[in-house]
Amino acid sequence: MIPPSDFAARAGAVFEWIDRYLNHVREYPVKSQVQPGEVYGNIPAEAPRTAEPLERILADLDNIILPGITHWQHPNFHAYFPANGSVESLFGEFVTATLGAQCMIWETSPAAAELEQRMMEWLRQAMGLPESLEGVIQDSASSATLAALLTAREVATGFRSNEDGVPSGLRVYASAEAHSSIEKGMGVAGLGRKNLVKIPVDARGAMIPEALKEQIEADRAKGLTPIAVVACLGTTGTVAVDPLKDIAPIAKAQGLWLHVDAAFAGSALLLPEYAWMKEGMEDVDSFVFNPHKWLFTHFDCSVFFVKRADLLIRTFEILPEYLKTKTRGQVNDYRDWGVPLGRRFRALKLWFVIRGFGLEGLQNQLRKHIELNQYFTQQIEAMPGMELMQEPFLNFSCFRLSPPNLPPEDRNALNKELLERVNRDGSLFLTHTVLHGAYVLRALMAQTYLEKDDVDRSLAVLRRISAEFL
Ligand code: PLP
């Protein structure tokens, strides 16, 4: 065991490792190239009986672990949605780990509860969200959406489901492009996955509000009970934006809980030029976005706003003797705002990030990514045989190779092969989606320290490998 008195003397090796990683991450293959079982096979079958030197552990970190890491902080990581960190956020994480506080209630660290409250207010103001919203940090958008579904369920059943079990036929609506976390949440909440009704989308992948209204009315006519709508600002496949301004009045008129999943694209609300996305927000009951996706804050940090915190608390509150406190009711005990009891001090890294960047710094960085994406897509469009599948939006684009002489039915197989070859090259990492039956490549220009040179490096590889197919 290393005593704290040796910390300064021993930490140097770890900090050197971190410094080397941060500054050389570009040199690794972005997507891990190991085969299944390779890392496992390199880890001894039994734990060491006696202490091993830190140097040996760090050496194995390089030799065994790093080859099996997909480098999410690599600037040429353009896959999925990002999980960005920053040096500021890393510093926050160091301090969080050092404090090792478990922040379940106000009394277990008043500063954690009150900093969290302030950070939620800072973000609410900066994003121009309604003042009526109160926020809490959850581990993930999936957890926040589950919390929203559970609260909607309790509200709709007069807070009886927690006690008696869930009645059947409670219906929730989301677009056909909505994230799988909603479907998962339906199962976990006992609502039943089949009771998530997927509403058709338009050509861009956004929910069609008229179809929502018709579906709710049809369900009511069948004796079913609509309870909630989930609108998405930035779908996972193609970053489509559901028209909140048209969906909100429907949810309101029907008396349904309206939850907004803005897991990735929510960060763009820091930019006034994207304020149109939040039209209708006054009628939203809950809203989630992930600073751990596109706000330079390490995973995990998911910001969840609710209009009626009392309803959320009533859904989750449970009070064993050992958690009874004198301050109850005067302060925020965030354990009552979601599923887990124990909570990390996540507000600290947000505080480091928001103060370290400043709101303008955050805006500049978001805009830089959006500009780099415009550059990327112009270059993609100019590549022989490449076609953009939709207008670039924020820092996202999707495209495919469509050689003119190739029959349309063979294009999906070709693009699958293209994606595999690109990712095997190791210089960049892309993922795919299927858009109206077409297999397309998706790319995000989103990593915190992305520069034009990095974008050029990705483009060069795409140019080279796609040319092999022409
Ligand atoms: N919602 C959307 C639109 C997403 O794209 C994702 C993940 O990519 C999620 C929710 C789930 O996010 P989390 O991993 O924070 O649960």
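Read the numbers this way: they start at 1 and go in the same order the structure lists the ligands and their atoms. What's counted below: heavy atoms across the whole structure, side chains too, no hydrogens, waters or symmetry copies. Heads up: numbering here begins at 1 and tracks the sequence. Everything numeric here is computed off the predicted structure, so don't read it as measured data.
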Qualifying residues under ring-ring contact (aromatic ring centres under 6.0 Å, His included), relative to Tyr449, sequence neighbours excluded: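 Partners of Tyr449 by the ring-ring contact (aromatic ring centres under 6.0 Å, His included) criterion come out as none, since no residue qualifies.
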ring-ring contact (aromatic ring centres under 6.0 Å, His included) against Trp72, all qualifying residues, sequence neighbours excluded: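 Expected list: Phe77, Tyr80.
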Please list, chain by chain and in numerical order, all residues satisfying side-chain contact (heavy atoms from CB on, under 4.5 Å) with Glu391, sequence neighbours excluded.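 Testing Glu391 for side-chain contact (heavy atoms from CB on, under 4.5 Å), a comparison that skips the adjacent residues, returns none.
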Report every pair formed by an N or O atom of ligand 1 and a protein N or O atom separated by less than 3.5 Å, giving atom names and the distance to 0.1 Å.
unit_1	atom_1	unit_2	atom_2	d
ligand 1	1 (N)	Asp261	OD1	3.1
ligand 1	1 (N)	Asp261	OD2	2.6
ligand 1	5 (O)	Thr236	OG1	2.8
ligand 1	8 (O)	Lys293	NZ	3.4
ligand 1	12 (O)	Lys293	NZ	3.3
ligand 1	15 (O)	Ala141	N	2.8
ligand 1	15 (O)	Asn290	ND2	2.9
ligand 1	15 (O)	His292	NE2	3.4
ligand 1	16 (O)	Ala141	N	3.4
ligand 1	16 (O)	Ser142	N	2.9
ligand 1	16 (O)	Ser142	OG	2.5

Lys NZ or Arg CZ of Arg124 over Trp122 ring: under 6.0 Å, within 45°: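 Relative to the ring axis of Trp122, which defines the angle, Arg124 lies outside at least one limit.
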Charged tip of Lys31 within 45° of Phe429 ring normal and under 6.0 Å: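 Yes, Lys31 and Phe429 form such a contact.
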Inspect the contact between Glu282 and Lys307 and indicate whether a charged nitrogen and a carboxylate oxygen are less than 4.0 angstrom apart.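 Salt bridge absent between Lys307 and Glu282.
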